[in-house]
Amino acid sequence: MVKKTWIKGLLACSLATVVLAGCGSNNSDGKSAEGNNSGGKQQKLVISTWGFAEDFYNKEVYEPFEKAHNVKIVLETGNNADRLSKIMQGSSDVDVIYLSDYYAQQGIEAGVFEKIDRSHFKNLDHIYDIAKAPNGEDYGPAYTVGQLGIAYDPQATGTTIESWSDLWKPELKGKLTMPSITSTSGPMMVDAASKISGSADFNEDKAFEQLTALNPSVVKYYSKTSEFVNMFTQGEAAAGPIMQMYLSDLQKAVPGIEFVTPKEGAYAIINTLNVVKGSRNKQLAEEFIDWQLSQEVQEKAAKAKVDSPANKDVKLTDEEAVGVTYGADVVENLQTLDMAFVNSHLKAWTDRFNREVTR
């Protein structure tokens, strides 16, 4: 039996009202005397990312940084696993990489990231504590903090959902979709299953007993969010754990869909930025990361519903905050997993899931 407390409590973050200087400042736009190369030869900064929301990122993130630093940004796109694998194989000249905290931890353990110099970051004091060092002080911050909760169709399920334990309701049999064990949120469901078993500390055996009991209710274990949305659209599923950022897509397909932050607490979905080992533009890469953390970028991304803000100075109206993980009262109550612990157990969990849960 594996028994370990692996949920980290989030420290309370005090909201600060900070007026960030405009373009040309050393604080909010990622510029510095050393990094601004407007009068010299144009540099190249290679960024590895998912490639979603391309129009927004090109206009609001990449192009302003290029102009301010006389730099040409080149993108490499793909999913977490493929992009990280390319870097680990040494077949890439990437300077900065966007990854979920789970994959970032794999990169750290493989030794493919540079240790960052936190003195180069002017915006770290303006982001939530949960985002400052999700994988340790030596590595990159999170630029967005979302939440994994539960989406469901009250009419199709014929019941209400308020907690993770409600996923085990008999009314959801044949109506439930769950994340695959190897997806970003798969380990979160292992933890949730342990919690609803009544165990105060993480208990692997009890977690898998609960997941096995839940399996008859599951229509499909999804690997991609698009599969989740398609199942709801086609009426194949009516409830399941999902990231809040996809709520608008779900509601377009099924207007009655509701999103619930479970009473036991939602899980934090954390995406990070790191500098790749061997980068010839380490300080410029750090300045780009700092620009991504700025209130200016974070607020535009939140209002466009591209990313939930990690910067606590971002101000949104009630309407602008719909579908966005926003505010200290929400962010400070999110639960996080110890990603080093997850990485060290995931292979065993995957084998056990296939052997016991979906046999």
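In this chain, residues are counted from 1 in sequence order.
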Check this for me, if you would: do [X] and [Y] make a salt bridge, where the nitrogen-to-carboxylate-oxygen distance has to be below 4.0 angstrom?
| X | Y | answer |
| --- | --- | --- |
| E162 | K263 | no |
| D95 | R280 | no |
| E137 | K115 | no |
| D351 | R355 | no |
| E63 | K59 | no |
| R352 | D205 | yes |

Under the 3.5 angstrom rule, does the side chain of [X] hit a backbone N or O of [Y] as a donor-acceptor pair?
| X | Y | result |
| --- | --- | --- |
| K175 | A156 | yes |
| Q335 | E264 | yes |
| E60 | V297 | no |
| D290 | K122 | yes |
| Q295 | D313 | yes |
| T157 | D153 | yes |
| E320 | T317 | yes |
| E286 | D117 | yes |
| S308 | T325 | yes |
| N230 | S226 | yes |

[Y] versus [X], side-chain donor and acceptor atoms under 3.5 Å:
| X | Y | value |
| --- | --- | --- |
| Q292 | Y98 | yes |
| S294 | Q298 | no |
| N281 | S279 | no |
| S163 | S165 | yes |
| S91 | K86 | no |
| W349 | E204 | yes |

Would L346 and F353 count as a side chain to side chain contact (heavy atoms under 4.5 Å, CB included) if you check the C-alpha gap in whole Å, the side-chain angles of each, and the deciding distance to 0.1 Å? CA-CA 10 Å; L346 187 57; F353 190 88; over 6 Å; no

Please set out all donor-acceptor pairs under 3.5 angstrom arising from side-chain atoms of residues 104-114, sequence neighbours excluded.
residue	atom	partner	partner atom	Å
Q105	OE1	N135	ND2	3.2
Q105	NE2	E109	OE2	3.1
Q106	NE2	Y102	OH	3.1
E114	OE2	G278	N	2.9

If you count every heavy atom of other residues, nucleotides or ligands that lies below 6.0 Å from [X] atom [atom1], does the total exceed 12?
| X | atom1 | value |
| --- | --- | --- |
| R118 | CZ | yes |
| K132 | NZ | yes |
| Q234 | CD | yes |

ILVMFWY network linking V322 to I257, side-chain heavy atoms under 4.5 angstrom: no

Cluster check F56, I73: I/L/V/M/F/W/Y, side chain < 4.5 angstrom: yes

Would you indicate whether the side-chain heavy atoms of [Y] and [X] approach each other to under 4.5 Å?
| X | Y | result |
| --- | --- | --- |
| I150 | P262 | yes |
| S194 | S199 | yes |
| N274 | L99 | no |
| H120 | Q283 | yes |
| T272 | P134 | yes |

Check [X] against [Y] and note the closest heavy-atom contact, atom names and distance.
| X | Y | value |
| --- | --- | --- |
| L176 | L214 | CD2-CD1, 3.6 Å |
| G78 | R83 | O-NE, 2.7 Å |
| P141 | L124 | CB-CD2, 3.9 Å |
| L293 | N311 | O-ND2, 2.9 Å |

Could you walk me through whether W164 and Y267 pass ring pair (Phe, Tyr, Trp, His ring centres under 6.0 Å), step by step? CA-CA 11 Å; W164 291 115; Y267 288 92; 5.7 Å; yes

Here the gap from L334 atom CG to Y128 atom OH, rounded to the nearest 0.5 Å, amounts to 10.0 Å

Check: Y57 ring centre within less than 6.0 Å of W50 ring centre: no

Scan Y222, Y221, Y152 and name whichever one has a ring pair (Phe, Tyr, Trp, His ring centres under 6.0 Å) with F228. Y222

